Amino acid sequence: MTARGSPGFVGLPPLELGTLSVCPPVLLAPMAGVSDLAFRAIALEMGAGLAPTELVSAKALFHGNWRTESYLKRDPSREPHLYVQLFGGDVEIMASAAEEVQRRGAVAVDVNMGCPVKKVTRNGAGVALMADPGRAARVVSAMRARLDDEIPLTVKMRAGWGPDSRNAVVFGKALEDAGASALCLHPRTRIDGYDGRADWALIAELRQAVSIPVIANGDICSEQDADAAVDRTHCHAVMVGRAAMGNPWVFRSLLARWRGESTPPAPTAQERVEVTLRHFEEHLASDGDELRAVRRFRQQLLWYSRAMVDTAYFRPLAVAVDSAQGLRDLVRTRFLDSAWDTSGAGSLNSLSPGVPLG
Ligand SMILES: Cc1cc2nc3c(=O)[nH]c(=O)nc-3n(C[C@H](O)[C@H](O)[C@H](O)COP(=O)(O)O)c2cc1C
């Protein structure tokens, strides 16, 4: 037990979201270009309790384009709970989108109020909603009104629009009043990107201020970080983003820790081959265009190889691979021939996207 009587991460109760019981209370973060069905299914299989989709444009949802449809692909046998993250700035469009994703099988809906990318914020969406709390609350209450009662509506946000407007706590309170079921906080502002450390003290403040569940996000990379985050914030659940990229095994370690078991061994090279190629084959099957699928998977390959002791030889081959068979051969030969660093996931800085995405 910690000083404040919190049970800590070990044995933390399931995260209750309406009728959804998230067990263990560990989520894969929504990540554009990462959180596709294949990766969500792998994360869930490894031990994540819930995995939202990447951000889906509320507006695009009604235009039937290939990419948006691919974000919403589902397979109930491997992903029992479809949890869709929507972004948009228009109250009515967001409300209609909530209804639409519910119709398509979502059992939980999240609103992105954290994305700092200009393409998103210039339309009043993402973290721009934190600069307009009145509209943000109207978005939540309009979506709430259109969703069935048992469907949880969560919000993922940042610390605020900028250093002078770190309003996550009052903002979160207003969203609770508007009908949000839970809040997830990545405590950096839009300006921070991924600089410095995530300010977990702000999560603790939010946790004190609201009665709905709070999910801690930001720099949680290991079971030790999950312990520390729960101790310091008293959050109801943790969410892991960059540390899971190319490293879904992080959820195996988190699950073991949550159960009070010892840390499982690092994945073997053979396991790395198996999971990487399973992810690729599914990605390929869902894309249909071999070259496009291979090109889009190159980034994943770099992530899957990040614990390789010497990546200097592998990286140029990975970014040049241009056929499915070439990719399979590369993974089989190089992954099995390489030595792997089993001490941890590697540096988060090397993984941060050029632009901060959420
Ligand atoms: C490649 C990438 C894509 C992301 N896409 C989204 C997104 O679609 N929606 C969202 O809310 N956040 C997005 N984020 C932010 C993450 O969900 C998370 O809040 C952030 O990475 C901090 O958590 P971490 O320190 O565990 O990585 C993205 C982050 C990365 C690295």
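Predicted model, so just to flag it, every value in this text is computed and none were measured. If you read the sequence from its start, that first residue is 1, and numbering goes on from there. Ligands are counted one by one from 1 in listed order, and the atoms in each one are counted from 1 as well.
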Using a 3.5 Å cut-off and no angle test, enumerate the donor-acceptor pairs between side-chain atoms of residues 55-63 and protein atoms at least two apart in sequence or in another chain.
residue, atom, partner, partner atom, Å
Ser57, OG, Lys59, N, 3.3
Ser57, OG, Ala60, N, 3.0

Can you name the atoms of ligand 1, numbered from 1 with element, that are less than 4.0 Å from a heavy atom of Gly218? 23 (O), 25 (O)
A cation-pi test, strictly: NZ or CZ of Arg242 under 6.0 Å from the centre of the six-membered ring of Trp303 and no more than 45 degrees from its axis. Yes or no? no
Would you check the N or O atoms of Gly241, main chain and side chain alike, for any that come under 3.5 Å of an N or O of ligand 1? yes
The atoms of ligand 1 lying under 4.0 Å from a heavy atom of His186, numbered in the order shown, are 19 (O), 20 (C), 22 (C)
Are more than 12 heavy atoms, taken from residues, nucleotides or ligands other than Asp337, located less than 6.0 Å from that residue's CG atom? yes
Going by the 4.0 angstrom heavy-atom rule, the piece of Asp219 near ligand 1 is both
Please state which part of Asn217 comes within less than 4.0 Å of ligand 1, counting heavy atoms only: side chain, backbone, both or neither. side chain
Between Ser323 and Gln325, do the side chains contain a donor N or O and an acceptor N or O under 3.5 Å apart? no
Just distances here: any N/O of Val240 and N/O of ligand 1 closer than 3.5 Å? no
When only distance counts, is Trp303 in polar contact with ligand 1, meaning an N/O pair under 3.5 Å? no
Any chance the rings of His283 and Phe39 have centres within less than 6.0 Å? no
Counting each atom of ligand 1 from 1 as listed, which ones have a heavy atom of Ala29 under 4.0 Å away? 17 (O)
Taking the six-membered ring for Trp and the full ring for Phe, Tyr or His, determine whether the centres of Phe335 and Phe314 are under 6.0 Å apart. yes
Identity of the nearest option to atom 16 (C) of ligand 1, non-hydrogen atoms only, from Lys156, Arg242, Arg188: Lys156
If I apply the N/O under 3.5 Å rule, does Pro30 come out as touching ligand 1? yes
Check whether any heavy atom of Phe87 sits under 4.0 Å from an atom of ligand 1. no
Cluster check Val210, Met239: I/L/V/M/F/W/Y, side chain < 4.5 angstrom: no
Given Arg40, which of Glu54, Glu45, Glu79 fulfils the salt bridge (charged side-chain N to carboxylate O under 4.0 Å, His left out) condition? Glu79
Quick check: does Glu54 get an N/O under 3.5 Å from an N/O on ligand 1? no
